[in-house]
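By convention in this document, chain letters (A, B, ...) are assigned in the order of the sequence lines, proteins followed by strands, and residues within each chain are numbered from 1. Computed from a prediction, not measured in an experiment: that's the story for all the values here.
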Amino acid sequence: MRSMSSKLSSEFYQRNHVTDIAKELLGKQLVTNINGELTGGIIVETEAYNGITDRASHAFGGRLTERTKTMYEAGGVSYVYLCYGIHYLFNVVTGQKDIPHAVLIRGIEPTIGVDIMLERRNMTTVKPTLSAGPGVLSKALGITKELNAKSLLDEEIWIEDIGYDLAAHKMIECERIGVAYAKEDALLPWRYYLKGNRFVSKPNNL
DNA sequence: GTGCGGATGAACT
DNA sequence: GTTCATCCGCACT
């Protein structure tokens, strides 16, 4: 058994400020247990999607559909959706019920079940392409739409605090990726990552 | 019912 | 740097 780790609580997820939660998720460990196959990694990159006023969010303007209804759950559940018809993207729903905040997980540093992650990605050696990026990270962890709307307090997918030393790493805040369609909101500094980490999805010179 | 385009990644030139 | 795979959510007719 490795050193003490604790699953994040409802109280952690249900706070109001999604940007705070997005920052605090850095250094936490995301774990999946898919049919007994345990895989996971340290979160090194996140993006915040801030309620109905954020033009980059699926819930902008209060849009409530079969897909987006998961975002309106109380904080502490997963929001998984298919992007570009190819990739599943994993988000953490945060805040109170009926307030659609979410944090997109964009990069993880593999720690648990690395051999299984490699197999799912058809790779033989650990490289950043294993899990740097929201689509490939989901593939490595076995996340599909089957994991949409699952409680993060349950036993299939969760996030835990492993005492990662965040103070030893500089956190960068910058604009989000791939949201040019969001006009003025595209420039908001709601992407966060650990400077210099290999598993951040895009190189950045900040 | 139809049509457009996306919170991406990988294989190209 | 450019192209394209591949599908469904969503808005609109």
Check this for me, if you would: do A:R198 and A:E109 make a salt bridge, where the nitrogen-to-carboxylate-oxygen distance has to be below 4.0 angstrom? no
Nearest whole Å is fine: how far is C:dG9 C1' from A:I86 CD1? 15 Å
For A:E66, does the CD atom have more than 12 heavy-atom neighbours from other residues, nucleotides or ligands under 6.0 Å away? no
Looking only at heavy atoms, the pair that brings A:L25 and A:V103 closest together is CD1-CG1, 3.9 Å
Interatomic distance where CZ belongs to A:R120 and P belongs to B:dG9 [whole Å]: 17 Å
Length of the line joining A:H58:NE2 and B:dG5:C1', which is rounded to integer Å: 12 Å
Going by purine N1 to pyrimidine N3 plus the second Watson-Crick contact, or the G-U wobble pair, all under 3.5 Å, which nucleotide sits opposite C:dT6? none
Whole angstrom value for the distance that separates P of B:dA7 from CZ of A:R63: 9 Å
Tell me whether the OP1 or OP2 atom of B:dT8 has a side-chain N or O from A:Y84 closer than 4.0 Å. yes
Using a cut-off of strictly less than 4.0 Å, decide whether A:R67 has a side-chain nitrogen or oxygen near OP1 or OP2 of B:dG6. no
Using atom OH of A:Y88 as one end and atom C1' of B:dG6 as the other, report the distance to the nearest whole Å. 15 Å
Phosphate contact (C:dG9 OP1 or OP2) by A:T65 side-chain N/O below 4.0 Å: no
From CZ of A:R121 across to P of B:dA10 the rounded distance in Å is 5 Å
Would you please confirm or rule out a distance under 4.0 Å between OP1 or OP2 of B:dT8 and any side-chain N or O of A:R106? yes
What is the distance from CG of A:L82 to P of B:dG5, rounded to the nearest Å? 18 Å
A:Y181-B:dG6 aromatic stacking (under 5.5 Å, under 30°): no
Mind calculating the distance between CG (A:L137) and P (B:dA7) to the nearest angstrom? 17 Å
Under a 3.5 Å limit for both distances, which nucleotide forms a Watson-Crick or G-U wobble pair with B:dA7, could you say? none
What's the gap between C:dT3 and B:dG5 when it is taken at their C1' atoms, as a whole Å value? 16 Å
Does NZ or CZ of A:R15 fall inside the cone over A:Y13's six-membered ring, less than 6.0 Å from its centre and within 45° of the axis? no
Is A:E73 salt-bridged to A:K150, cutoff N-O under 4.0 Å? no
